[in-house]
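Just the heavy atoms: all of them, side chains too, but no hydrogens, waters or symmetry mates, feed the values below.
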Amino acid sequence: MGNAQEEKQRRGRPAKEKEKLSRSINLKLTEADYEAIRQKAESLGMTATQYARHMTLTGRIKPRYTKEELDLRRKIAGMANNLNQIARKANVDEFRQAGSDAYYLFREIKKLLDDS
């Protein structure tokens, strides 16, 4: 019976070992400084404390992509896929239709990049 209990405990994903945040540094800010940090943190989807901790340890924060940037990346990825299909088709059809398909796709990519 002891083995059955041990087996149950070993199943599943192992628990993450997260180091507990046990030390603190007190930091006094003006209301304006705090508000500036809070706004920067909020724009990154973080709390002011998370933002301050990350900036203190790394000195920079890589911002998340905006919805517009994600949409543009998705569109360009789809067009890259289309371009790959055109290249494949060109190899099979000996470039008969591929030229006009490629021209159309390049115009669409240019429109996307010019609108950004």
Side-chain angles (χ1 to χ4, degrees):
M1 187 128 194
N3 279 344
Q5 284 181 343
E6 286 177 28
E7 250 185 71
K8 272 189 175 182
Q9 290 176 352
R10 281 191 255 153
R11 288 185 184 163
R13 186 177 193 175
K16 278 188 176 179
E17 290 185 30
K18 186 174 180 182
E19 190 173 349
K20 185 176 179 180
L21 301 174
S22 60
R23 305 292 295 185
S24 65
I25 297 173
N26 293 326
L27 176 66
K28 299 262 187 189
L29 300 169
T30 64
E31 195 63 39
D33 289 343
Y34 175 79
E35 189 58 29
I37 290 173
R38 191 194 63 71
Q39 287 178 358
K40 288 178 184 179
E42 185 178 299
S43 72
L44 295 167
M46 304 171 90
T47 65
T49 303
Q50 290 170 330
Y51 178 84
R53 182 183 309 113
H54 196 81
M55 285 297 287
T56 301
L57 295 173
T58 65
R60 62 185 165 88
I61 295 177
K62 183 179 175 185
R64 294 180 178 172
Y65 290 114
T66 63
K67 288 182 181 180
E68 293 81 19
E69 290 170 329
L70 289 172
D71 185 51
L72 183 62
R73 288 174 56 99
R74 184 185 51 77
K75 287 177 181 176
I76 290 175
M79 290 180 176
N81 185 36
N82 291 345
L83 188 58
N84 192 18
Q85 291 173 5
I86 291 169
R88 207 174 293 133
K89 184 178 180 181
N91 287 328
V92 171
D93 292 345
E94 298 173 3
F95 298 98
R96 288 188 195 118
Q97 178 66 30
S100 62
D101 290 348
Y103 179 73
Y104 171 78
L105 188 57
F106 290 134
R107 280 190 12 221
E108 292 297 309
I109 291 172
K110 184 170 177 15
K111 274 198 277 186
L112 265 179
L113 295 176
D114 288 343
D115 288 344
S116 300

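In terms of the side-chain contact (heavy atoms from CB on, under 4.5 Å) criterion, Ser43 has no residue partners (sequence neighbours excluded). Listed by chain and residue number, Met46, Tyr51 satisfy the side-chain contact (heavy atoms from CB on, under 4.5 Å) test with Ala41 (two or more places apart in sequence, or in another chain). For Lys110, the salt bridge (Lys or Arg N to Asp or Glu O under 4.0 Å) partners are Asp114, not counting sequence neighbours. Listed by chain and residue number, Ala98, Asp101, Ala102, Leu105 satisfy the side-chain contact (heavy atoms from CB on, under 4.5 Å) test with Ile86 (two or more places apart in sequence, or in another chain).
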Next on the checklist: With side chain to side chain contact (heavy atoms under 4.5 Å, CB included) as the criterion, how do Glu108 and Asn82 come out once you've worked through the C-alpha distance, each side chain's angles and the decisive distance to 0.1 Å?
Outcome noted: CA-CA 11 Å; Glu108 292 297 309; Asn82 291 345; over 6 Å; no

Table please: side-chain donor-acceptor pairs of residues 68-79 below 3.5 Å, with sequence neighbours left out.
from	atom 1	to	atom 2	distance (Å)
Glu68	OE1	Thr66	OG1	3.4
Glu69	OE1	Thr66	N	2.8
Glu69	OE1	Thr66	OG1	3.4
Asp71	OD1	Arg74	NH2	2.5
Asp71	OD2	Lys75	NZ	3.2
Arg73	NH1	Tyr65	OH	3.3

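Leu57 and Leu21 end up in different hydrophobic clusters when Ile, Leu, Val, Met, Phe, Trp and Tyr side chains are linked at under 4.5 Å. Transitive grouping of hydrophobic side chains (ILVMFWY, heavy atoms separated by less than 4.5 Å) keeps Ile25 and Ile37 in distinct clusters.
The stretch residues 20-36 participates, sequence neighbours left out, in these salt bridge (charged side-chain N to carboxylate O under 4.0 Å, His left out) pairs: Glu35-Arg38.
A distance of 15.0 Å separates CZ in Phe106 from NZ in Lys111, rounded to the nearest 0.5 Å.
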